[in-house]
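Chain identifiers are assigned alphabetically (A, B, ...) following the order of the sequence lines, protein sequences preceding nucleic acid strands; residue numbering begins at 1 within each chain.
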2 protein chains.
Amino acid sequence: MGPRARQIVAAARALLEEEGADALTMRRLADRLGIKAPSLYKHFPDKAAVATQLTAVAFTELAAALEAADDDSFPALAAAYRAYALAHPHLYTLSTDRPLHRDELPPGVEDRAAAPLLRAVDGDADRARAAWAFAHGMVALELAGRFPPDADLDGAWRAGAAAFTP
Amino acid sequence: MGPRARQIVAAARALLEEEGADALTMRRLADRLGIKAPSLYKHFPDKAAVATQLTAVAFTELAAALEAADDDSFPALAAAYRAYALAHPHLYTLSTDRPLHRDELPPGVEDRAAAPLLRAVDGDADRARAAWAFAHGMVALELAGRFPPDADLDGAWRAGAAAFTP
DNA sequence: GTCTATACCCGGATAGAC
DNA sequence: GTCTATCCGGGTATAGAC
């Protein structure tokens with residue numbers, strides 16, 4: 001990726017985070033960069049390729065956030081996961097609601113993101129995936145506005161953390 | 001809802017399930033009914049209203065599927081939940097990825113869908129929400145194609161079921 | 001009431017000139 | 001690398017025929 005492509009991804013990220021997925025159009029993205037939409041296609045084959053790069057950014061940052069968690073316990077990792085997702089709701093959703101193009105990710109990020117959780121469940125891959133599904137499910141339902149207004153989400157997170165802590 | 005509106009919802013459902021969310025456009029929906037797109041707006045104010053009715057259908061069927069589970073244990077309910085979602089992937093996604101209009105749902109379905117799970121965790125609402133998040137997370141990640149190709153999903157479901165079974 | 005015809009605006013994307 | 005011009009296809013709204 002050249003420097004211009006990086007500028008485009010940075011602009012796409014800002015647009016997405018500030019105004020949501022619907023605002024992330026090739027025209028609006030070009031406007032933000034002071035160019036015309038067709039010019040973007042000299043740097044990316046299509047809009048999906050821009051989204052893929054945004055996913056790479058999100059994965060890298062999420063891996064770092066998990067590595068910086070208070071400790072390696074599941075509650076601490078869950079808190080870091082939730083905090084990152086709620087701080088970047090549109091980026092998180094974009095990077096989890098479509099198939100992952102692993103070949104376009106920075107090498108090793110997927111493993112880096114998974115490692116702390118895997119350690120927290122003593123290397124049990126099944127348990128790690130289940131715990132990840134719990135965290136993703138909580139975040140996805142919260143971001144989609146699916147919980148009843150009076151639901152105690154902190155309580156649900158605690159209950160899940162307890163279920164996955166030996 | 002009049003009979004014509006019900007036909008429209010049925011056609012929308014068939015279109016969605018057969019060809020996916022991108023194919024569910026007002027023009028294609030009208031084509032399937034042998035009418036023109038603007039006619040749809042005499043029955044529904046906008047496309048979102050059609051989606052809302054599809055969500056109502058999914059909720060009703062999911063509640064029935066959970067009530068028909070083999071028993072009231074969490075593993076049995078999780079299996080029923082997963083089976084329904086995988087049998088209707090596009091309908092499930094459509095009915096969980098946007099805010100819920102509770103006032104347009106058949107009265108009581110949300111509670112009906114939640115009741116079996118709540119019983120399985122002895123009435124603990126926090127635990128029930130956590131278990132729901134686990135199941136939704138597993139399904140959402142599977143439908144979005146996010147698990148690595150070699151991941152043992154049955155194993156992850158078993159691990160989650162174990163975590164939420166007292 | 002229900003439908004048809006038509007139009008507007010906005011998406012993604014391409015071709016070809018500079 | 002950027003532009004202009006253009007195409008196709010969405011959601012939506014209105015006017016008017018039957």
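For Ser39(B), a side-chain nitrogen or oxygen approaches OP1 or OP2 of dT4(C) to under 4.0 Å. Between Arg4(A) and dT2(D), a side-chain N or O to OP1/OP2 separation shorter than 4.0 Å is present. Contact between the side-chain N/O atoms of His43(A) and the OP1/OP2 oxygens of dT2(D) is found at a separation under 4.0 Å. For dT2(D), neither phosphate oxygen OP1 nor OP2 lies less than 4.0 angstrom from any side-chain nitrogen or oxygen of Lys36(A). Dashed line: the shortest gap from a side-chain N or O of Lys47(B) to OP1 or OP2 of dG11(D) is under 4.0 Å.
To the nearest angstrom, P of dT2(C) lies 14 Å from CG of Leu33(B). The separation between Arg28(A) atom CZ and dC9(C) atom P is 18 Å, rounded to whole Å. Leu29(B) places its CG atom 12 Å from the P atom of dG10(D), with the value rounded to the nearest Å. One interatomic measurement links the two molecules: CZ of Phe44(A) to P of dT2(D), which rounds to 12 Å at whole-angstrom precision. Computed from coordinates, the Leu40(B) CG to dA13(D) C1' distance equals 14 Å when rounded to whole Å. Taking atom CE of residue Met26(B) and atom P of nucleotide dG9(D), one finds them 19 Å apart after rounding to whole Å.
Residues Ala128(A) and Leu117(A) share a closest heavy-atom pair of O-CD2, 3.5 Å.
Of the candidate nucleotides dG10(D), dT14(D), dC3(D), dC3(D) has the atom nearest to the side chain of Ile35(A). Each of dC3(D), dT14(C), dT4(C) was ranked by its minimum atom distance to the side chain of Tyr41(A); first place goes to dT14(C).
Using the six-membered ring where Trp is involved, Trp132(A) and Phe147(B) have ring planes that are perpendicular, over 60° apart on the 30 and 60° scheme.
In this model, no side-chain donor or acceptor of Arg27(B) finds a partner on the base of dG9(D) within 3.5 Å.
Between Arg82(B) and Asp154(B) a salt bridge is recorded (basic side-chain N to carboxylate O distance below 4.0 Å). A salt bridge is absent between Arg146(A) and Glu110(B): the closest approach of a Lys/Arg side-chain nitrogen to an acidic carboxylate oxygen does not fall below 4.0 angstrom.
Two residues are said to be in side-chain contact when any heavy atoms from C-beta on lie closer than 4.5 Å; Thr55(A) and Leu91(A) fail this criterion.
With the nearest nucleotide of DNA chain D identified for both Lys42(B) and Ala48(B), Ala48(B) has the one nearer the 5' end. In this structure, Asp22(A) and Pro45(A) both approach DNA chain C, and ranking their closest nucleotides by distance from the 5' end singles out Asp22(A).
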